[in-house]
Q: 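Sharing a structure with you now.
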Amino acid sequence: MKEKEIETYLRMRISSFGGRAYKFISPGNDGVPDRLVCLPGGKVIFVELKAPSGKLRPLQSAQIRKLQDLGFCVLVIDSKTQVNKLIEPLGGDTP
């Protein structure tokens, strides 16, 4: 499975709960997570998407640590199953 397929699935699933999965681009800050997931109730999660068994680059790991040090939730997702696990606490059923 390709990273793009997982990304499309994430966007579709988050949208089904009234959330948004914005493409996160921060000029001058390479390595930031791919998506900024905004959920009802004001919850924000940064998501780095990878193809199955994909590895984080050192710069990505550093950016993730910086966000986590600020108290943000950052997830690395490499499968539709992991997307479903993200959705479960929201009351989502697996399609």
Side-chain angles (χ1 to χ4, degrees):
M1 177 169 302
K2 295 182 181 180
E3 180 179 319
K4 187 70 176 170
E5 292 175 61
I6 299 166
E7 188 170 23
T8 299
Y9 185 72
L10 172 76
R11 286 190 347 260
M12 184 260 315
R13 295 290 287 144
I14 294 297
S15 179
S16 73
F17 288 94
R20 300 283 183 248
Y22 294 108
K23 182 72 175 168
F24 183 45
I25 300 170
S26 181
N29 292 295
D30 291 341
V32 295
D34 298 310
R35 291 279 166 177
L36 178 62
V37 175
C38 301
L39 299 168
K43 185 166 177 108
V44 174
I45 303 169
F46 290 88
V47 177
E48 174 61 37
L49 294 147
K50 290 289 177 191
S53 302
K55 304 281 188 244
L56 290 174
R57 291 179 284 127
L59 187 55
Q60 290 174 314
S61 294
Q63 289 284 19
I64 288 170
R65 270 192 312 278
K66 287 178 185 179
L67 290 167
Q68 289 172 331
D69 288 348
L70 290 170
F72 288 100
C73 176
V74 184
L75 302 176
V76 178
I77 291 179
D78 69 357
S79 69
K80 288 182 178 181
T81 299
Q82 288 180 327
V83 171
N84 290 335
K85 287 181 182 177
L86 169 63
I87 299 299
E88 282 175 14
L90 305 174
D93 296 324
T94 304

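Predicted model only: the values in this text are computed from it and were never measured.
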Q: To the nearest 0.5 Å, what is the distance between CE on Met12 and CZ on Phe17?
A: 10.0 Å
Q: Identify the heavy atoms of Ala51 and Met1 that sit nearest to each other, and give their distance.
A: CB-O, 4.1 Å
Q: Report whether Leu49 and Val76 are members of the same hydrophobic cluster (ILVMFWY, side-chain heavy atoms less than 4.5 Å apart, transitive linking).
A: no
Q: With heavy-atom distances below 4.5 Å as the criterion, would you say the side chains of Asp34 and Val47 are in contact?
A: no
Q: With rounding to the nearest 0.5 angstrom, report the CG to OH distance, Leu36 to Tyr22.
A: 8.5 Å
Q: Could you grab the distance from atom OG1 of Thr8 to atom CZ of Arg13, nearest 0.5 Å is fine?
A: 14.0 Å
Q: What are the two closest non-hydrogen atoms of Pro33 and Val74, and how far apart are they?
A: CG-CG1, 4.2 Å
Q: Going by heavy atoms in the side chains, are Arg11 and Ser15 under 4.5 Å from each other?
A: no
Q: Is there a path of hydrophobic side-chain contacts, each under 4.5 Å between heavy atoms of I, L, V, M, F, W or Y residues, that connects Ile25 with Phe46?
A: no
Q: Indicate yes or no for a side-chain donor-acceptor contact from Glu88 to the backbone of Lys85 under 3.5 Å, with no hydrogens or angles considered.
A: no
Q: For Ile77 and Ser79, work out which heavy atoms get closest and say how close.
A: CG2-O, 3.5 Å
Q: Please find the pair of heavy atoms, one from Lys50 and one from Glu3, that lie closest to each other, and give the distance.
A: CA-OE1, 3.7 Å
Q: Could you check Arg35 against Glu48 for salt bridge (charged side-chain N to carboxylate O under 4.0 Å, His left out), going step by step and ending with a plain yes or no?
A: CA-CA 7 Å; Arg35 291 279 166 177; Glu48 174 61 37; over 6 Å; no
Q: I'd like to know if Lys23 pairs up with Glu7 as an ion pair, taking the criterion as any Lys NZ or Arg NE/NH1/NH2 lying under 4.0 Å from an Asp or Glu carboxylate oxygen.
A: yes
Q: To check you understand the geometry: which heavy-atom pair defines the closest contact between Ser53 and Asp78, and what is its length?
A: N-OD2, 3.3 Å
Q: Quick one: pull up CG in Leu67 and CD in Gln63 and give me the separation to the nearest 0.5 Å.
A: 6.5 Å
Q: Among the clusters formed by ILVMFWY side chains lying less than 4.5 Å apart, do Ile45 and Ile6 turn up in the same one?
A: yes
Q: Have a look at Ile87 and tell me which of Leu39, Ile14, Leu10 forms a side-chain contact (heavy atoms from CB on, under 4.5 Å) with it.
A: Ile14
Q: Report yes if some heavy atom in the side chain of Ile64 is under 4.5 Å from a heavy atom in the side chain of Leu56; otherwise report no.
A: yes
Q: Starting from the C-alpha separation in whole Å, work towards a yes-or-no answer on side chain to side chain contact (heavy atoms under 4.5 Å, CB included) for Asn84 and Tyr9.
A: CA-CA 10 Å; Asn84 290 335; Tyr9 185 72; 2.7 Å; yes
